[in-house]
Amino acid sequence: MEAVGVHCHSLEKLTLDSESVNDVGLLAIAQGCTALNYLHLQCVNVTDEALKAVGRFCISLKTLILCSFQKFTDRSLQAIGNGCKTLNVLSLSDCYFLSDQSLVAIANGCSELKRLELNGCHNIGTNGLESIGRYCRRLTELVVKYCQNIGDSAFLEIGNGCTQLQALHLVDCSSISDAAICYIAKGCRNLKKLHVRRCYKVGDEGITAVGRNCRHLTDLSLRFCDRIGDDALISIGNGCASLRQLNVSGCYRVGDVGVTAISKGCPLLIHLDVSVCQNVGDMGLAALGEGCPYLKDIVLSHCRKITDIGLGYLVKHCTKLESCHMVYCPSITAAGVATVVSSCINIRKVLVEKWKVTQRTRRRAAPVLTELCLEV
């Protein structure tokens, strides 16, 4: 690393993933490669001293990604905030010793920030993210994963201040409820992508607000949010005509009524995942066939109410279908599988139990399918 710092003064991008890298090497990089604009570090032996040097010397830094750090504290991010005024992207994963003070420093110093990811930073809470909302008004993407101490009021500030936000990802955030989603929906009306996974306090109320306010939404994923039901999808169908991707896997309250609302209001849909939605059946598939002619990928696995009849309705009109997953659908038989294979000229992938594939279907499908059978 010392040699790189001495000889590579024009270095702009650096990724380091090694336990052998320590402060000496990174100090040499920071002091010698001042043109650095991208830095990705996964080096458990780097401490505050090295990262403070990055903030002091690498003032052109635009992207900083820090993963699995165990030896640096808020002092490092305070130095980044003080020195790297043009920082656009900050990603912090499993940085256990960072607190709200780190985000306050970034918010105060890096007003150009556009993308922020917080993953498993357990000591960062509501106050830190509130500061981002107040001062980083150009933020367009926010990712919050496994951060149990961030609550709803943080998203009040994000909604009020970050009106350019286009993408929000929330995973396993137990303190976030419908209120947070409502704040985002009302304040960030240009939102295009919303991914919420295993946030068990988020239900129909929050997603209904999204449908009413976020007319440009194209990508919605609500995996295993078990308070989401048909009312949420009715609102999305009424308000989000540009929706192209929808994932409600594990939302067991979603049924044919919600899927029908999507089919009527979202004609541009190309990807749908309703796996583990036990209340979705043939009526929903028939509606999709009539309303979503551009559908390319559908995941139906673990949907017990779907039968060969529903599949027939779907493939009759969804002629662009390329992928169909239907594992553990007990009411789908070999005849249904054959219908999908024979009716969809663009089909490339079907996942289904091996015993549901007849020799005739296998002979017909082999030339065009990348994967036909899944042994279960």
Looking only at heavy atoms, which two atoms of [X] and [Y] are closest? And how far apart?
X: Cys84; Y: Cys58; value: SG-O, 3.4 Å
X: Lys52; Y: Arg75; value: CG-O, 3.9 Å
X: Cys266; Y: Cys240; value: SG-O, 3.4 Å
X: Leu311; Y: Gly336; value: CD1-O, 3.9 Å
X: Gly133; Y: Cys162; value: CA-SG, 3.9 Å
X: Ala105; Y: Leu77; value: CB-O, 4.0 Å

May I ask you to decide if the ring planes of His302 and Tyr328 are parallel, tilted or perpendicular, using 30° and 60° as cut-offs?
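Answer is tilted, since the angle falls between 30° and 60°.
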Just wondering, do [Y] and [X] contact through their side chains at under 4.5 Å, heavy atoms?
X: Cys173; Y: Lys201; answer: no
X: Tyr183; Y: Ile158; answer: no
X: Cys303; Y: Val274; answer: yes
X: Leu194; Y: Ile207; answer: yes
X: His325; Y: Lys349; answer: yes
X: Phe155; Y: Ile150; answer: yes
X: Ile181; Y: Leu170; answer: yes
X: Leu314; Y: Leu295; answer: yes

Out of curiosity, [X] [atom1] to [Y] [atom2], how far, rounded to the nearest 0.5 Å?
X: Ile306; Y: Tyr313; atom1: CD1; atom2: OH; answer: 14.0 Å
X: Ser131; Y: Ile106; atom1: OG; atom2: CD1; answer: 11.5 Å
X: Lys296; Y: Cys344; atom1: NZ; atom2: SG; answer: 13.5 Å

No-hydrogen, no-angle side-chain donor-acceptor test under 3.5 Å, [X] and [Y]:
X: Glu290; Y: Ser263; result: no
X: Thr218; Y: Ser242; result: no
X: Asp48; Y: Thr73; result: yes
X: Ser174; Y: Gln148; result: yes

Does atom [atom1] ([X]) have a neighbourhood of more than 12 heavy atoms from anything else shown, all under 6.0 Å?
X: Arg304; atom1: CZ; result: no
X: Ile309; atom1: CD1; result: no
X: Ile59; atom1: CD1; result: no
X: Lys85; atom1: NZ; result: yes
X: Arg360; atom1: CZ; result: no

Hey, quick one: are [X] and [Y] part of the same hydrophobic cluster, counting side-chain heavy atoms closer than 4.5 Å, chains of contacts allowed?
X: Leu41; Y: Phe72; result: yes
X: Ile298; Y: Ile347; result: yes
X: Leu92; Y: Tyr135; result: no
X: Leu14; Y: Val54; result: yes
X: Leu129; Y: Val104; result: no

Qualifying residue, where the test is side chain to side chain donor-acceptor pair (under 3.5 Å) with Asp219 and the options are Lys192, His195, His271:
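Among Lys192, His195, His271, the one meeting side chain to side chain donor-acceptor pair (under 3.5 Å) with Asp219 is His195.
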Run Glu141 and Val89 through side-chain contact (heavy atoms from CB on, under 4.5 Å) and show every step you take.
CA-CA 9 Å; Glu141 183 171 5; Val89 177; over 6 Å; no
[Y] backbone acceptor or donor facing [X] side chain under 3.5 Å:
X: Asp152; Y: Ser177; value: yes
X: Asp74; Y: Ser99; value: yes
X: Asp100; Y: Gly125; value: yes
X: Asp172; Y: Lys145; value: no
X: Lys356; Y: Ile332; value: yes
X: Ser60; Y: Asn37; value: no
X: Asn22; Y: Asn45; value: no

Is any side-chain N of the basic residue among Arg138 and Glu112 closer than 4.0 Å to the acidic one's carboxylate O?
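Between Glu112 and Arg138 there is a salt bridge, with a charged N closer than 4.0 Å to a carboxylate O.
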Flag the pair Arg253 and Asp204 as a salt bridge only when some basic side-chain nitrogen lies within less than 4.0 angstrom of an acidic carboxylate oxygen.
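Between Asp204 and Arg253 there is no salt bridge, as every charged N stays at least 4.0 Å from the carboxylate O atoms.
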side-chain contact (heavy atoms from CB on, under 4.5 Å), paired with Leu103, selected from Leu118, Leu98, Asn127
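The single option meeting the side-chain contact (heavy atoms from CB on, under 4.5 Å) with Leu103 is Leu118.
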Tell me whether Lys13 forms a cation-pi arrangement with Tyr38, defined as NZ or CZ under 6.0 Å from the six-membered ring centre and within 45 degrees of its axis.
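Satisfied, under 6.0 Å and within 45°.
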